[in-house]
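Contents: one structure, followed by commentary.
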Amino acid sequence: MHLNSQQQAAIHLIDKPLLVLAGAGSGKTRVITEKIHYLLKHCHYLPEKIVALTFTNKAAQEMQARISKKYKDKSTEGLTVTTFHSLGMNIIRKEYAALGLTSRFSILDQIDATHLLRQLLLDQQITFPVDELQQQISNWKNQLKTPEDLLVQAKTAGEQRCAKLYLAYRQALQAYHAVDFDDLLLMPVELFDKSPEVLLKWQQKIRYLLVDEYQDTNLAQYRLLKPLVGKEAHFTVVGDDDQAIYAWRGAQADNLIKLTEDFPNLEVIKLEQNYRSTQRILKVANKLIAQNTHLFDKNLWSQLQEGEKVRVIANSTAENEVTRVVQELVSHRVRFNKPYHHYAILYRSNHQARVFEQALREQQIPYHLSGGQSFFAYAEIKDILAYCRLLINPDDDMAFLRIINTPRRGIGTQSLQHLSTYAKTRHTSLLNACSEMGLSTYISGSSLRSLAQFGEWIQHLSKNILQETTIEPLQKLISEIDYNGWIQSNSKTPASAEYKQKNVQDLLNWMQRLLTKETTPDLGAVIQRLCLLDMLSQTSQEDIANHVQLMTLHAAKGLEFPYVFLVGVEEDLLPHRNSIQTNNIEEERRLLYVGITRAQEQLTITYAAKRQRFRTTYSTKPSRFLDELPTDHIYWEGRGEQRNPEEKKQTGREHLAGLKALLNSDV
DNA sequence: CGGTTTCGCTTTTTT
DNA sequence: AGCGAAACCG
């Protein structure tokens, strides 16, 4: 395929820092992969000196796949394609000593962190919404604010209290030799700030840096990037402010502007030709996004055919919306004989997927759901990983608490309270406290024996665990605690028990795979790596092949599909109610823009006039964004009818649908 | 201490 | 509707 002149310019410019403003579908991933090729083949960069950063694991995988497809040989071996967080983890793994950690640090995911915070609140007898606190701390970390600064700055008593909790949280993490997701960015930044030698080492290691989806970087990521590229500033970042959809996570699209300020010799290249969508889809997208303010002007155009009008379909109820979409999909497929993976159903939030899943399953249509519940959020996976974490890091109290009664060991909340107070006075971890003599003054009888036995058992197992190069000892552990039995007795149906057991086996197999791949087989490294990966985002080609794709708008970024259904385009859903309240309409508009620009040939937007939330049915209004679309490029079916459901003139199909809803509501 | 039941709250998006 | 936490009972 031919490269246009802007694309070529972006690929060949290497002696200056470069910002590529790449509109949707303008071939930005292609530019990155071609540029890596160019760096390797024409500029003789060593692959291990090149780092390409993406935002999500999925994107990293996608890029890795594109690159290895291009090179069948081993010439790209050593090339790094990862997420910011993984890069941060690698830096911490190498520099743990300078950070006051052991090499066996644990990585807490969001759920673990929530538990820890809840415990802290409980200990200090403070009632405060945990989620809010966690969000606040995460924001602070991403803005590189230390608790010390915040304590000084705090104006209100409330802020003061939050800052204190932040401090306590950080101290707890330190005591556990644990880091959370935000630390993976924060710690390297702090390290580079204070240690020029370490920074120099990493600057020499990374000679060329490429960043995808740059508009989604937050302050911590920017501050990691900036010292790494140093004065030489050999980097290419690719971004599009119209696709900035992660502000809620601290991303600031004006990092694009900051770049032009911080690197005066920055070159800016715009990619404005779209190779993905039909004229009409593109015009609809452009008209929508024109309502937003922009950092950079951009005029996206396409040479492809005009295509069909974008369809907007009103439905009387959410159930009818589902039926309609599935029916449209099936009939289209029958008519044009396209594979299922050419179809995608996109929605604002995960819970919307459920009804579509059901309908697709009923129709025996293969589908693949990405995102949603993380593989690592499954209790059985977290249990096994907690055992692993405790084996390599005896100070990981979070892991200890998770598994001390999984399966049951007859240790109740009282005993755990005592154990915890004892451990605190002894300044040691819960696991270590188990085998100390002094514990007997706090706990007695069967609980004491149970704890001692558990401590001894774990310590015995952990002795040799790091030398192991297979998962065999873990298999043994799982059978020793009869974990499968535990799963069975805790599952409602045999099918769900089987599913959980399969999950555990998948996890073990995955570990084994990683163990054989790792240059130095080390269970510790494998487990740390696992905590950042996510099995569901590790979508293999077989998973996608001939499956209808179900995903959130966020997850869909960077992807494209011939036929797209954008569902639930209603007020309170898209734009989301919270965003309306916080007045973040522009980001919601960008989200819809991202959704629209995923479509290559045909786009169908749907909404419903009635939708269930929790237990009650609510009337809904079509999204305000629909009125912003160019009327001559859309075909709006059932427009206006939902405003006055009583009086509406029903079409045959609508009438039937209404009857069906009536029948259903009586049941 | 452990199992069962009830209650209450939830649904934004992800590393 | 579905899940986790608290409350309650054996």
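Every chain is numbered from 1 and lettered A, B, ... according to where its sequence line falls, protein lines coming before strand lines.
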Which nucleotide in B/dT15, B/dT13, B/dG2 has an atom nearest any side-chain atom of A/Thr552: B/dT13

Any donor-acceptor N/O pair, A/Gln221 side chain to A/Asn218 backbone, under 3.5 Å: yes

Separation of atom CZ in A/Phe55 from atom C1' in B/dT15, rounded to whole Å: 8 Å

Atom pair distance, as rounded to whole Å: CZ in A/Phe181 and P in B/dT15: 8 Å

Phosphate OP1/OP2 of B/dT13: any A/Asn350 side-chain N/O under 4.0 Å: yes

A/Phe400-A/Phe454 aromatic ring centre distance below 6.0 Å: yes

Distance in angstrom units between A/Arg613 CZ and B/dT11 P, rounded: 11 Å

Nearest-Å distance for atom pair CG/C1', residues A/Leu224 and B/dT15: 14 Å

Any side-chain heavy-atom pair of A/Leu573 and A/Gln352 under 4.5 Å: yes

Ring geometry between A/Phe192 and A/Trp202 (parallel below 30°, tilted from 30 to 60°, perpendicular above 60°): tilted

Proximity to DNA chain B (any heavy atom under 4.0 Å), residues of residues 572-588 of chain A only: A/His576, A/Asn578

Candidate pair A/Lys557 and A/Asp212, rule salt bridge (Lys or Arg N to Asp or Glu O under 4.0 Å), full reasoning: CA-CA 12 Å; A/Lys557 187 156 68 142; A/Asp212 196 10; over 6 Å; no

Stacked pair A/Phe84-B/dT15, distance under 5.5 Å, angle under 30°: no

Sugar-phosphate, base or nothing in reach of A/Gln110, heavy atoms under 4.0 Å: base

Aro-ring/base stack A/Trp248-B/dT13, d under 5.5 Å, angle under 30°: yes

Nucleic acid footprint by protein, nucleotides 2-10 of chain C - heavy-atom cut-off 4.0 Å, B for base, S for sugar-phosphate alone: S--S-----

Any residue meeting ring-ring contact (aromatic ring centres under 6.0 Å, His included) with A/Tyr422, in chain and number order, not counting sequence neighbours: A/Tyr442

5'-most by nearest nucleotide on DNA chain B - A/His554 or A/Leu416: A/Leu416

From CD1 (A/Ile345) to CZ (A/Phe565), nearest 0.5 Å: 7.0 Å

Touch class at under 4.0 angstrom, heavy-atom based, for A/Ser86 against every strand present: nothing

Nearest-angstrom distance from the residue atom CG of A/Leu185 to P of B/dT14: 17 Å

Rounded interatomic separation in angstrom, taking CG from A/Leu219 and P from B/dT15: 20 Å

Nearest-angstrom distance from the residue atom NZ of A/Lys557 to C1' of B/dT15: 13 Å

Centroid-centroid distance, A/Phe55 to A/Tyr246, less than 6.0 Å: yes

Over 12 non-hydrogen atoms of neighbours within 6.0 angstrom of CD in A/Gln143: yes

Integer-rounded Å distance: B/dT14 C1' and A/Leu553 CG: 14 Å

Salt bridge A/Arg624-A/Glu571, side-chain N to carboxylate O under 4.0 Å: yes

Distance below 4.0 Å between A/Asn142 side-chain N/O and B/dT15 OP1 or OP2: no

